[in-house]
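Since we're looking at a predicted model, the values are computed, not measured.
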Amino acid sequence: MEQLSSPLESARFIAGRSRDVSVDEEGARKVAESLFDRASEEAFSLSGWKALHELNPRAASEEAVNWVFLVDTLNFSFWSDSAEQKCLVRYKGKEYSGYWALCAAVNRALDDGIPITSASYYATMTLDQVRQVFRSDTEVPMPLLEERHQVLNESGTVLLEKFGGSFLTCVKKSENSAQKLLRLVVENFPSYRDEAVFEKKKVAFYKRAQILVADTWSVLEGKGDGFFGDISSLTIFADYRIPQVLVHLKALKYSEDLMKKLREGTVFKTGDREEVEIRGCSIWCCNLICKHLLEFYEKKGQDMRDQINAVLLDYYLWDYARDHREDMKDIPFHQVRCIYY
């Protein structure tokens with residue numbers, strides 16, 4: 001079976017054959033237009049990753065890189081079955097939900113003296129230890145704890161056996177190439193192999209693998225081992241929030257049939273046609289938004305290729321989704337329980 005070599009190539013292929021999801025070219029252009037004045041703000045910058053999110057590591061260190069690896073290895077499936085009841089983690093007087101509940105639980109464990117970011121620790125963690133570290137402060141547990149336990153043991157073992165127990169070793173092997181680091185991650189860590197079959201071709205999304213590369217770039221501030229000359233070759237990280245924002249912003253459209261399934265609360269499986277179309281079209285849509293944004297600046301005589309890329313667009317849209325949740329409640333997100341996003 002032919003494999004399309006990258007998430008972008010996969011997205012182009014999916015968007016060209018999609019039945020229930022379509023990219024609105026004019027809508028994508030309008031989103032780019034609305035971002036024109038914001039693309040130079042901190043919210044749309046590399047520094048925003050640390051400045052705007054208090055749970056992210058402050059230092060550009062090996063320990064911070066290992067924090068990023070742990071968190072992105074577990075960065076999947078945070079949506080709640082019920083809007084009223086959800087997993088919450090209290091940390092330093094604040095309550096966190098979703099992905100930030102994971103980050104809060106990791107930081108809480110570190111504060112309690114548990115070496116949770118150490119591969120030699122999580123390679124041998126028991127399920128009970130995982131339940132304790134990632135415990136919720138409500139009656140609703142963090143989803144997929146057994147899968148998280150398995151992924152932790154597996155990833156920790158690979159780090160120890162192949163990279164001396166440190167993800168920074170893997171980063172150094174990439175020789176400042178985002179694509180090489182992406183390949184190293186996908187080839188060595190099974191849980192990062194986020195692929196599906198669409199129209200008899202193997203397509204790739206690599207949501208967590210790409211976000212791991214991007215977060216490594218961010219935590220190291222794009223310098224030294226964290227300088228990737230090809231960072232703009234990454235796509236957005238196709239999850240369940242970004243498509244919801246794109247539909248809200250009228251850059252992505254769902255068929256009536258798909259919208260009906262979403263409103264009925266259908267839970268899709270990884271690889272279902274609708275799920276593949278949603279993710280592939282989201283990547284392609286954001287590629288067009290970046291393209292239009294760069295063209296707007298080009299017309300003004302500014303080369304913004306170093307400041308505008310899909311990584312920063314994803315960070316911006318993901319924060320937008322969190323901040324405008326009420327505005328988007330009439331647009332359901334697609335639900336999938338899996339380890340890929």
With side chains defined as the heavy atoms from C-beta onward, is the minimum distance between [X] and [Y] less than 4.5 Å?
| X | Y | value |
| --- | --- | --- |
| Ser174 | Phe228 | yes |
| Leu127 | Glu146 | yes |
| Trp100 | Asn56 | yes |
| Glu277 | Leu258 | no |
| Met142 | Leu74 | no |
| Tyr254 | Glu274 | no |
| His53 | Asp319 | yes |
| Arg325 | Met328 | no |

Under a 4.0 Å threshold between the charged nitrogen and the carboxylate oxygen, would [Y] count as salt-bridged to [X]?
| X | Y | result |
| --- | --- | --- |
| Lys260 | Glu256 | no |
| Lys94 | Glu54 | yes |
| Glu33 | Lys30 | no |
| Asp239 | Arg241 | no |
| Asp111 | Arg108 | no |
| Arg193 | Glu195 | no |
| Lys329 | Glu326 | yes |
| Lys207 | Asp314 | no |
| Asp72 | Arg208 | no |
| Glu199 | Arg273 | yes |

Looking at [X] and [Y], would you say the former's side chain and the latter's main chain have a donor-acceptor pair under 3.5 Å?
| X | Y | value |
| --- | --- | --- |
| Arg131 | Asp128 | no |
| Asp137 | Arg90 | yes |
| Asn287 | Leu8 | no |
| Ser10 | Ser6 | yes |
| Asn309 | Val311 | yes |

Reported [atom1]-to-[atom2] distance for the pair [X] and [Y], which is rounded to 0.5 angstrom:
| X | Y | atom1 | atom2 | result |
| --- | --- | --- | --- | --- |
| Glu26 | Lys250 | CD | NZ | 13.5 Å |
| Ile14 | Trp284 | CD1 | CH2 | 11.5 Å |
| Cys170 | Asp225 | SG | CG | 11.5 Å |
| Thr124 | Asn153 | OG1 | CG | 7.5 Å |
| Cys87 | Glu95 | SG | CD | 10.5 Å |
| Ile116 | Gln129 | CD1 | CD | 8.5 Å |

Work out which heavy atom in [X] is nearest to a heavy atom in [Y]; give both atom names and the distance.
| X | Y | answer |
| --- | --- | --- |
| Leu288 | Ala28 | CB-CB, 4.2 Å |
| Leu181 | Phe167 | CD1-CZ, 4.1 Å |
| Tyr122 | Ser155 | CE1-C, 4.4 Å |
| Glu275 | Phe268 | CB-CB, 4.4 Å |
| Ile242 | Phe237 | CG1-O, 4.2 Å |
| Asn176 | Phe227 | ND2-O, 2.8 Å |

Consider only side-chain N and O atoms of [X] and [Y], and report whether a donor and an acceptor are under 3.5 Å apart.
| X | Y | value |
| --- | --- | --- |
| Gln210 | Thr235 | yes |
| Asn107 | Trp67 | yes |
| Ser177 | Arg183 | no |
| Asp20 | Ser255 | yes |

Would you indicate whether [X], at its atom [atom1], is surrounded by more than 12 heavy atoms from other residues, nucleotides or ligands within a distance under 6.0 Å?
| X | atom1 | answer |
| --- | --- | --- |
| Glu139 | CD | no |
| Glu221 | CD | yes |
| Glu295 | CD | yes |
| Arg19 | CZ | no |

- Message: side-chain contact (heavy atoms from CB on, under 4.5 Å) for Leu317 and Ile236? Distances and angles first, verdict last.
- Response: CA-CA 10 Å; Leu317 291 174; Ile236 58 110; 5.5 Å; no
- Transitive ILVMFWY side-chain link Met304 to Leu293, under 4.5 Å: yes
- Query: In terms of hydrophobic clusters joined by side-chain contacts under 4.5 Å, are Ile331 and Phe333 together?
  - Reply: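 In one cluster with Ile331: Phe333, yes.
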- Message: Quick one, Asn66 with Ser166, criterion side-chain contact (heavy atoms from CB on, under 4.5 Å). Give me CA distance, side-chain angles, the key distance, then yes/no.
- Response: CA-CA 7 Å; Asn66 285 328; Ser166 175; 3.7 Å; yes
- Message: So if I apply the side-chain contact (heavy atoms from CB on, under 4.5 Å) rule between Phe189 and each of Thr73, Leu159, Leu184, Leu212, which one comes out positive?
- Response: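 Single side-chain contact (heavy atoms from CB on, under 4.5 Å) partner of Phe189 among Thr73, Leu159, Leu184, Leu212: Leu159.
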- Query: Which residue, Leu246, Val31, Asp24, forms the side-chain contact (heavy atoms from CB on, under 4.5 Å) with Leu252?
  - Reply: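 One option only clears the test, and that one is Leu246.
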- Task: Please assess Asp272 against Lys261 for the test salt bridge (Lys or Arg N to Asp or Glu O under 4.0 Å), listing each intermediate value before the final yes or no.
- Result: CA-CA 13 Å; Asp272 281 352; Lys261 286 182 180 178; over 6 Å; no
- Task: Fit a plane to each ring of Phe198 and Phe13, take the angle between them on a 0 to 90° scale, and name the class: parallel (under 30°), tilted (30 to 60°) or perpendicular (over 60°).
- Result: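 Ring orientation of Phe198 relative to Phe13: perpendicular.
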- Message: For Phe296 and His292, take the angle between the two ring planes, folded into 0 to 90°, and tell me which bin it lands in: parallel under 30, tilted 30 to 60, perpendicular over 60.
- Response: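 Aromatic pair Phe296/His292 classed parallel.
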- Message: As a quick check of understanding, evaluate side-chain contact (heavy atoms from CB on, under 4.5 Å) for Leu152 and Leu70, giving each step before the final call.
- Response: CA-CA 8 Å; Leu152 278 171; Leu70 172 79; 3.3 Å; yes
- Aromatic ring proximity His334/Tyr341, centre distance under 6.0 Å: yes
- Kindly state whether the ring of Phe69 and the ring of Phe163 have centres lying under 6.0 angstrom apart. no
- Does NZ or CZ of Arg148 lie under 6.0 Å from the centre of the six-membered ring of Phe76, at an angle within 45° of the ring axis? yes
- Item | Chi angles and distances behind the side-chain contact (heavy atoms from CB on, under 4.5 Å) call for Asp215, Tyr315 | CA-CA 10 Å; Asp215 286 350; Tyr315 286 167; 2.7 Å; yes
